[in-house]
Number of protein chains: 2
Amino acid sequence: MPRPSTPLLSPDRIRSVALAIIDRDGLDGLSMRKLAASLGVQAASLYGHVRTKDQLLNDIASSVLSAVDVSGFSVDWREGLIRCARSYRAALSTHPNIVPFLAYGPAGRDESLQRLDLLHGALVDAGWSRREATMIAAGLMYIVFGSALSSFSSGFSSDPADYTDRYPHLDRAHLLPGVARELDRDSFELALAAFVRGL
Amino acid sequence: MPRPSTPLLSPDRIRSVALAIIDRDGLDGLSMRKLAASLGVQAASLYGHVRTKDQLLNDIASSVLSAVDVSGFSVDWREGLIRCARSYRAALSTHPNIVPFLAYGPAGRDESLQRLDLLHGALVDAGWSRREATMIAAGLMYIVFGSALSSFSSGFSSDPADYTDRYPHLDRAHLLPGVARELDRDSFELALAAFVRGL
DNA sequence: ACCTGAACACCGTTCAAGT
DNA sequence: ACCTGAACACCGTTCAAGT
């Protein structure tokens, strides 16, 4: 009996199923064993295609972040900053459960550094000093990651009834899941606009 | 033989040793078994004083955040925002390894909500709408958490030599650990100043 | 070449049992 | 009242063995 011509596993298939599990069950919901089971395979088999779980997560993160758009700097540095931040946030909110991983370890992924390098170069070309360019880029990332992480939707909208009595100023209406998403976006836009205007 | 009058364990002692381990070995470096060993005890014994590991981390987080200062709003809302953000960042940078936990789960800790409530109320008193107050508070938290997380020091200062060729614009000097800390602080101050000025 | 079984060194948590 | 031993249901990863 000849072996089946196509193998069961490939790095691409592993990554896409892993991302689906993360989207569904959260970052903690992904284990190599569960991933293997979803692929119809034993856990050990994964290590023929993937070096470690950490490396797998890094690869997934890179692919999620490939949607970030740094093309706006050809127009104007303010426009570039805004477009970069918006597309960054959009990419992260497509797969919110992977954000804790991004925010965790060192951001030494190649694509991230490439983008940062481009952004940095554009700011220097626009007349900022190298040091200022670094700080501006950092500030932009603060707003992007801050908004992706400490969002109201995932933050504390679980049980509005608990809050009403104890926190008189907090507006109960803002904690409803539907409103929270919109509020998250508006808060991000406000922070971004204030930051860029204040530079 | 009478039992020793003072028990080996107490919630306080558990929390303080756990925080020391986190500071030394990182968030992933804390396990209930290692914590128990550091306390001269078996892992199971911890569960007489602590409900779960997650609850333990929440309690530690609350104690770290108790240093946040929201008193500045009695002066002026801009001063209040700045003082709150600075003390928040200072508290987080005293124990940077616990920040990923804070950024992770829902921020439903009582003290956090109390502070948020006070901040919110102060902004409304200053004339902002409830919705605007919520967004401003969120934006401030974006900068605080963003700066605590995606810091350059822990971010990508590990091996400057790798970067030189590949990323022409990135300033190698900014990646040295000593400079990185200072740059982190200045980036935070720049983002904070730009944000508050831009409001 | 690709996958498996079994093992190693870990986890958080529970619970009957000891003192 | 406080701690322990042993167990349960998990982890990530390795490696000889099978096809």
Side-chain angles (χ1 to χ4, degrees), chain A residues 1-62 97-98 100-102 104-106, chain B residues 1-62 97-98 100-102 104-106:
Chain A
M1 210 66 175
R3 47 263 167 284
S5 50
T6 56
L8 290 165
L9 260 32
S10 76
D12 265 1
R13 209 164 95 79
I14 292 174
R15 277 195 289 271
S16 95
V17 172
L19 183 53
I21 293 175
I22 290 170
D23 287 342
R24 179 163 43 85
D25 302 338
L27 194 57
D28 285 341
L30 177 74
S31 77
M32 296 303 268
R33 288 169 145 95
K34 193 201 278 187
L35 172 57
S38 293
L39 289 157
V41 112
Q42 295 302 117
S45 313
L46 296 171
Y47 290 86
H49 302 82
V50 150
R51 206 143 45 136
T52 65
K53 184 185 182 182
D54 196 70
Q55 184 59 54
L56 172 60
L57 287 170
N58 262 292
D59 291 345
I60 292 171
S62 284
N97 290 341
I98 213 185
F101 174 79
L102 287 177
Y104 203 116
Chain B
M1 211 65 176
R3 47 271 168 278
S5 51
T6 57
L8 289 165
L9 261 32
S10 76
D12 264 1
R13 208 164 97 79
I14 293 174
R15 277 195 289 270
S16 95
V17 171
L19 183 52
I21 293 176
I22 290 171
D23 286 341
R24 177 163 44 86
D25 302 338
L27 195 58
D28 286 341
L30 178 73
S31 77
M32 295 303 268
R33 287 169 146 95
K34 194 201 278 187
L35 173 56
S38 293
L39 289 157
V41 113
Q42 294 303 118
S45 313
L46 297 171
Y47 290 86
H49 303 82
V50 150
R51 206 142 48 134
T52 66
K53 185 185 183 182
D54 195 70
Q55 184 59 55
L56 172 61
L57 286 170
N58 261 293
D59 290 345
I60 292 171
S62 285
N97 290 340
I98 213 186
F101 174 79
L102 285 178
Y104 202 117

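So you know, we letter chains A, B, ... as the sequences are listed, proteins then strands, and number each from 1.
Residue order along DNA chain D, read from the 5' end via each residue's closest nucleotide, puts B/Q42 first among A/D54 and B/Q42.
For the pair A/N97 (side chain) and A/D23 (backbone), a donor-acceptor distance under 3.5 Å is present.
Checking the phosphate oxygens (OP1, OP2) of D/dT13, a side-chain nitrogen or oxygen of A/Y47 falls inside 4.0 Å. Phosphate proximity of C/dT4 to A/S45: present, with a side-chain N or O under 4.0 Å from OP1 or OP2. For B/H49 and D/dA1, the shortest distance from a side-chain N or O to OP1 or OP2 is not below 4.0 Å.
With contacts defined as side-chain heavy-atom distances shorter than 4.5 Å, the pair B/L9/B/V50 does not qualify. A 4.5 Å side-chain heavy-atom check between A/L35 and A/K53 finds every atom pair outside the cut-off. No side-chain heavy atom of A/L56 sits less than 4.5 Å from a side-chain heavy atom of A/L46.
With C/dT4, D/dG12, C/dT14 as the candidates, the nucleotide lying closest to the side chain of B/A44 is C/dT14. Here D/dC3 is the nucleotide among C/dG12, D/dC3, D/dG5 with the atom lying nearest to any side-chain atom of B/L9.
Residue B/R51 contributes atom CZ, which lies 15 Å from atom C1' of C/dT14 at whole-angstrom precision. Residue A/L56 contributes atom CG, which lies 10 Å from atom P of D/dT13 at whole-angstrom precision. One can place CG of A/L27 at 15 Å from C1' of D/dG12, the figure rounded to the nearest angstrom. The NZ-P distance, from B/K34 to C/dA9, rounds to 17 Å in whole Å. Atom-to-atom, CG of B/L57 to P of C/dT13 comes out at 10 Å; the value is rounded to the nearest Å. Following rounding to the nearest Å, B/I14 (CD1) and D/dC3 (P) show an atom-to-atom distance of 8 Å. Between the P atom of D/dT13 and the CE atom of A/M32 lies a distance of 6 Å, rounded to the nearest Å.
Of all nucleotides present, only D/dG5 satisfies the Watson-Crick or G-U wobble test against C/dC15, with each distance under 3.5 Å.
At a threshold of 4.0 angstrom between heavy atoms, the contacts of A/S31 are confined to the sugar-phosphate backbone, with no base atom among them.
Rounded to a whole angstrom, the distance from the P atom of C/dC10 to that of D/dA9 is 22 Å.
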